[in-house]
There are 2 protein chains.
Amino acid sequence: MTDKDTAPALARILVVDDEPQIRHFLQISLKTEGYEVHEAPTGEAGLAHCARKPLDLVILDLGLSDCDGTEVLRSLREWSSVPVIVLSVRDREQEKVKALDLGANDYVTKPFGIEELLARVRSQLRIQDNQTTGSNAWAIFDDGVLSIDLSNRRIYRQGDQVRLTPKEFAVLQVLMKEAGRIVTQPQLLKEVWGPTHTQDTHYLRVLIGKLRQKLGDDPTEQHYIETEPGVGYRFSGNP
Amino acid sequence: MTDKDTAPALARILVVDDEPQIRHFLQISLKTEGYEVHEAPTGEAGLAHCARKPLDLVILDLGLSDCDGTEVLRSLREWSSVPVIVLSVRDREQEKVKALDLGANDYVTKPFGIEELLARVRSQLRIQDNQTTGSNAWAIFDDGVLSIDLSNRRIYRQGDQVRLTPKEFAVLQVLMKEAGRIVTQPQLLKEVWGPTHTQDTHYLRVLIGKLRQKLGDDPTEQHYIETEPGVGYRFSGNP
DNA sequence: ATGGGGCGTAAAGATTCCGTAAAGGATGTC
DNA sequence: GACATCCTTTACGGAATCTTTACGCCCCAT
């Protein structure tokens with residue numbers, strides 16, 4: 001069996017700007033952060049690039065020489081929902097509102113601090129990565145037998161407090177953040193052990209076992225933690 | 001202005017700010033836009049509110065009286081990934097980077113224009129909406145008897161959960177991605193087993209059989225999975 | 001009519017994956 | 001320095017899955 005599943009998947013970013021200096025500056029800065037950077041000097045070239053290659057983020061300057069940046073954004077949004085961070089020298093509120101309502105994810109006014117821009121890039125990529133939006137996350141779970149309060153780090157089972165180790169708690173936290181949804185093993189390993197241990201599935205099984213034991217999960221009856229063989233685990237609240 | 005055609009569910013927004021004037025101002029402005037607005041005067045109250053009620057967006061002032069706003073953000077991100085727009089009087093780049101890296105989705109410096117803030121609110125809600133409905137729209141099927149939710153990896157047939165193996169699920173996923181269209185055998189084999197097994201059609205037949213059996217597909221009556229002899233298979237959505 | 005190719009079902013072997021237990025190593029506390 | 005707790009690794013039994021093999025069916029062309 002070939003292992004094509006565990007790619008580091010460095011994010012691909014397209015910079016659309018007609019000033020070579022800005023492009024070069026962003027190219028350097030973004031590459032240093034470990035991104036795969038592409039460039040386009042015009043709006044037309046940018047659109048063509050978006051259509052040709054899959055991207056994770058677009059940084060778009062509104063002040064393009066060949067056409068209006070807002071038109072580029074409008075065209076792009078007709079078929080793509082890739083995150084777009086707009087750059088502009090214009091600080092007028094109407095410009096910002098227009099760009100944001102056309103589908104921009106963020107609007108940064110030039111001149112900008114590179115650290116802020118990089119932080120906003122990270123933010124957008126993180127949002128994108130959280131495709132399973134945990135808006136239905138439970139801070140508090142209680143079914144009469146088991147009571148979990150993540151915000152206070154307290155867990156009770158039939159009135160008795162359950163002590164979890166840091167790693168056990170971290171795993172439970174990730175599972176509850178995606179309550180009802182599946183969390184893949186690499187995802188779990190990445191969030192708890194870091195990006196370098198996405199293949200050490202051995203201890204994850206041990207830990208899930210201990211967690212089930214402490215939560216009083218009976219394999220024959222209902223599971224708090226369900227196993228999806230070959231994929232991952234899922235916290236199931238009300239079956 | 002975009003027409004909100006499909007979603008009657010009005011978005012729920014929580015404003016966390018210790019200044020009553022700001023809260024009142026935002027309350028008015030947001031309600032005018034049709035949002036359901038909640039208020040919290042302190043970080044603690046804000047966190048409690050988040051834990052109790054589901055929200056679509058949080059507007060968080062960093063300058064709280066009872067505690068540091070960044071700590072509120074940090075606590076919140078332990079278990080929730082609800083979109084957060086941070087407000088702050090501080091314009092220092094390090095502050096922005098810190099808040100964004102703690103999980104903020106956007107950072108607006110006070111004083112701000114209300115139109116810009118509202119546009120950023122719309123942007124965040126749009127992103128959120130795209131991810132829940134847009135990316136998963138194709139992955140949901142329900143005809144009253146069979147219910148398939150690919151993103152959650154859950155399948156129900158007449159209320160009972162159906163368990164699929166990884167390969168079975170992968171095949172179904174490819175078929176549903178091209179719902180209504182034909183998927184050729186080599187294409188199916190390539191996507192599920194990899195490019196080297198485009199001729200091993202033996203097991204594909206076995207697997208389609210098991211899949212039909214589990215989905216309750218009666219060969220005499222309507223087919224969920226149709227066979228196109230000599231070509232491939234097709235998932236028929238509405239027969 | 002007849003033989004071949006593609007299709008569907010069933011069952012058996014091989015392999016992988018999961019869960020549990022237990023031992024060794026790392027870390028922090030008293 | 002002893003002890004406790006936690007993390008990691010190793011080992012193994014059992015279950016589930018994947019793959020192969022075998023066989024019967026239908027359709028179509030010879």
Query - B:Ile208 vs A:Leu207, nearer the 5' end of DNA chain C by closest nucleotide - result: B:Ile208
Query raised in the report: Phosphate oxygens OP1/OP2 of C:dG6: is one of them under 4.0 Å from a side-chain N or O of B:Thr201?
Result: no
Query raised in the report: OP1, OP2 of D:dC7 versus side-chain N and O of A:Thr165: anything below 4.0 Å?
Result: yes
Measure from [atom1] on [X] to [atom2] on [N] and round the result to the nearest Å.
X: B:Arg205; N: D:dC25; atom1: CZ; atom2: C1'; value: 13 Å
X: B:Trp193; N: D:dT17; atom1: CH2; atom2: C1'; value: 12 Å
X: A:Leu211; N: D:dC7; atom1: CG; atom2: P; value: 12 Å
X: B:Asp200; N: D:dC18; atom1: CG; atom2: C1'; value: 12 Å
X: B:Glu168; N: D:dT17; atom1: CD; atom2: P; value: 7 Å
X: A:Leu204; N: D:dC7; atom1: CG; atom2: C1'; value: 14 Å
X: A:His197; N: D:dT9; atom1: NE2; atom2: C1'; value: 13 Å
X: B:Gln213; N: C:dT9; atom1: CD; atom2: C1'; value: 9 Å

**Report entry** Donor-acceptor pair, side chain of B:Asp106 and main chain of B:Arg120, under 3.5 angstrom
**Finding:** no
Query - B:Glu19 and B:Lys110 ion-paired at < 4.0 Å - result: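 The answer is yes: the pair qualifies as a salt bridge.
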From [options], pick the nucleotide closest to the side chain of [X]?
X: A:His202; options: D:dT10, C:dC18, C:dC7; value: D:dT10
X: B:Val206; options: D:dC6, D:dT20, C:dA21; value: D:dT20
X: A:Pro166; options: C:dG19, C:dG8, D:dC7; value: D:dC7
X: A:Gln185; options: D:dC7, C:dA10, C:dC18; value: C:dC18
X: A:Arg163; options: D:dC6, C:dA10, C:dC17; value: D:dC6

Report task. Please round to the nearest 0.5 Å and tell me the distance separating atom CD1 of A:Ile182 and atom CG of A:Leu175. Result -> 10.5 Å
Query raised in the report: If you look at every strand shown and take non-hydrogen atoms under 4.0 Å, does A:Lys167 touch a base, only sugar-phosphate, or nothing?
Result: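 Contact class for A:Lys167: sugar-phosphate only.
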Query raised in the report: Counting any heavy atom closer than 4.0 Å, what does A:Tyr233 reach on the DNA or RNA strands: base, sugar-phosphate only, or nothing?
Result: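 Counting heavy atoms under 4.0 Å across all strands, the contact made by A:Tyr233 is with sugar-phosphate only.
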Query raised in the report: What is the ring orientation for A:Tyr224 with A:Phe235, classed by angle as parallel under 30°, tilted 30 to 60°, or perpendicular over 60°?
Result: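 Ring orientation of A:Tyr224 relative to A:Phe235: parallel.
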Report summary line: Tightest non-hydrogen contact, residues B:Asp56 and B:Val82, listed as C-CG2, 3.8 Å
